[in-house]
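Here's the structure, in structure tokens; my notes come after.
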Amino acid sequence: GEVTAGSFALAALTANTAYTVKLRAVNAGGNGTQASTSATTLAEAPVFSSSAGVAADGTRLTVAFTQSTGGGATITGYEFSTDGTNWSAATGTTSPITLTGLAYNTTYTTLRIRAVNAGGSGTASNQFSGSTSAGAPTLTGFTTITTTSFSVGFTAPSGSALTSYEYSTDGGSTWTDAATTTSPIAITGLAANTAYSVKLRPVTLGVVGVASSASTGTTLAEAPTSVTASSVAGSATTLSVAFTAPTGGGATITGYEFSTNGGTSWSAATGASSPVTLTGLTSSTAYTQLQLRAVNAGGSGVATADFSGT
């Protein structure tokens with residue numbers, strides 16, 4: 001074609017296509033020396049397919065879409081916007097791509113994406129929505145501890161309403177639906193005298209969030225068995241108590257406690273394995289309501305039935 005102005009527009013080109021444009025001057029003497037340059041038309045808008053929060057990373061969304069390739073120019077990347085005004089680089093050059101740097105547990109309703117090629121940023125897609133997963137809860141401690149259960153308290157992550165929590169008692173290898181969103185969460189079906197590596201993670205709209213740091217919860221020990229009390233030579237105020245230590249998951253038993261009044265009050269015994277020594281007793285006294293219980297990181301375990309000692 002011929003033009004007479006200093007600049008001109010080429011129309012009816014194909015989207016996302018690299019063109020080599022040549023130009024030469026013409027005067028009465030004929031055609032001048034030809035110059036050339038390259039230019040690439042912008043890509044058409046991607047057609048949104050789906051979005052999904054990324055499990056265990058509440059700052060990302062994956063977005064699937066269909067992209068018209070047009071004339072076959074290389075698409076070097078994608079950009080996304082959460083407000084239609086500001087744009088950031090997405091991760092990936094083909095569907096699906098990942099949107100990063102988002103807020104935890106947030107529903108975005110005005111997302112757009114656009115392709116980038118040598119010509120620049122292409123036409124933006126229509127608006128679409130996506131929800132990120134939640135951040136990690138903070139574990140606050142264990143309560144209501146028994147030989148087979150305990151409850152774990154937590155502070156919930158911020159953001160939209162959560163639909164559930166999952167808990168793990170093996171450091172995150174397996175997970176169980178807690179069927180609640182309120183603290184504390186009761187965890188049952190455990191073994192006595194066992195230390196568990198507990199984690200919690202939130203669930204929002206079917207997408208699991210970031211797991212908490214692990215915290216150790218320990219179930220109580222069962223009662224010692226085969227308990228026998230005997231006097232201690234040379235001491236009128238102590239008793240020696242032999243027993244079979246409670247079995248279980250192998251949590252460390254740090255000590256024993258004894259009661260002289262059927263479990264109303266308790267004192268620390270001397271020793272962390274059989275036999276232990278009961279001190280501070282009254283000389284020449286028959287005790288008929290002695291009880292013994294093991295202590296571990298979870299607390300004081302199940303007491304024996306009453307036994308006697310003099």
Side-chain angles (χ1 to χ4, degrees), residues 43-67 75-116 120-141 152-168 171-185 187 198-215:
E44 293 180 341
V47 179
F48 169 75
S49 298
S50 64
S51 67
V54 177
D57 187 343
T59 63
R60 297 188 293 163
L61 277 173
T62 57
V63 177
F65 57 91
T66 302
Q67 177 69 57
I75 291 177
T76 57
Y78 284 87
E79 297 174 331
F80 72 94
S81 175
T82 60
D83 57 11
T85 300
N86 301 295
W87 293 84
S88 302
T91 301
T93 57
T94 59
S95 177
I97 57 175
T98 303
L99 317 188
T100 61
L102 304 177
Y104 286 111
N105 198 25
T106 300
T107 297
Y108 292 89
T109 59
T110 56
L111 293 168
R112 294 176 186 266
I113 57 174
R114 63 188 183 187
V116 179
S121 300
T123 305
S125 69
N126 291 331
Q127 288 186 174
F128 60 92
S129 298
S131 298
T132 54
S133 60
T138 301
L139 303 191
T140 58
V152 56
F154 62 92
T155 301
S158 60
S160 304
L162 302 172
T163 53
S164 187
Y165 280 90
E166 294 177 340
Y167 67 83
S168 173
S173 296
T174 58
W175 295 87
T176 301
D177 183 8
T180 185
T181 58
T182 58
S183 176
I185 289 174
I187 300 176
V198 178
K199 289 186 175 183
L200 289 183
R201 65 185 185 187
V203 180
T204 307
L205 301 175
V207 179
V208 295
V210 182
S212 69
S213 298
S215 186

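Small disclaimer: the values here were computed from a predicted structure and weren't measured. This chain uses plain numbering: 1 for the first residue, then up along the sequence.
Of all heavy-atom pairs between Pro157 and Ala136, the closest is CB-O, 3.9 Å. Taking all atoms of both residues into account, the shortest heavy-atom contact from Thr181 to Leu162 is CG2-O, 3.6 Å. Across every non-hydrogen atom of Ala43 and Ala115, the tightest pair is CB-CB, 3.8 Å. Annotation for Val208 and Ser133: closest pair O-CB, 3.4 Å, computed over non-hydrogen atoms. Of all the heavy atoms in Phe154 and Ser183, the pair that sits closest is N-OG, 2.9 Å. When all heavy atoms of Gly58 and Val210 are compared, the closest pair comes out as N-CG2, 3.8 Å.
Every residue meeting the salt bridge (charged side-chain N to carboxylate O under 4.0 Å, His left out) condition with Glu79, not counting sequence neighbours, appears here in chain and number order: Arg114. Among residues two or more places apart in sequence or in another chain, the ring-ring contact (aromatic ring centres under 6.0 Å, His included) test is passed with Phe65 by Tyr78. Every residue meeting the side chain to side chain contact (heavy atoms under 4.5 Å, CB included) condition with Thr180, not counting sequence neighbours, appears here in chain and number order: Ala178, Thr182, Ile185. With sequence neighbours left out, the ring-ring contact (aromatic ring centres under 6.0 Å, His included) criterion links Phe48 to Phe128. Contacts of Phe80 classified as ring-ring contact (aromatic ring centres under 6.0 Å, His included), with partners at least two apart in sequence or in another chain: none.
With rounding to the nearest 0.5 angstrom, the OH atom of Tyr108 is 12.5 Å from the OG atom of Ser129. Atoms CD1 and CG, on Ile113 and Leu99 in that order, are 7.5 Å from each other to the nearest 0.5 Å.
Thr76 contributes a side-chain N or O that, together with a main-chain N or O of Val116, makes up a donor-acceptor pair within less than 3.5 Å. A donor-acceptor pair under 3.5 Å is absent between the side-chain atoms of Thr132 and the main chain of Arg60, judged by distance alone. In terms of modelled atom types and a separation under 3.5 Å, the side chain of Ser168 and the main chain of Lys199 share no donor-acceptor contact. Side chain of Glu166 to main chain of Thr174: no donor-acceptor pair is present (N/O by atom type, distance under 3.5 Å, no hydrogens or angles).
Counting heavy atoms from C-beta outward, Leu111 and Val63 have side chains that stay 4.5 Å or more apart. You'll find the side chain of Tyr104 reaches within 4.5 Å of the side chain of Thr59, heavy atoms only.
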For Ser213 and Leu139, what are the C-alpha separation, side-chain angles and deciding distance, and is it a side chain to side chain contact (heavy atoms under 4.5 Å, CB included)? CA-CA 8 Å; Ser213 298; Leu139 303 191; over 6 Å; no

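Applying the side chain to side chain donor-acceptor pair (under 3.5 Å) definition to pairs two or more places apart or across chains, those involving residues 85-101 are Asp83-Asn86.
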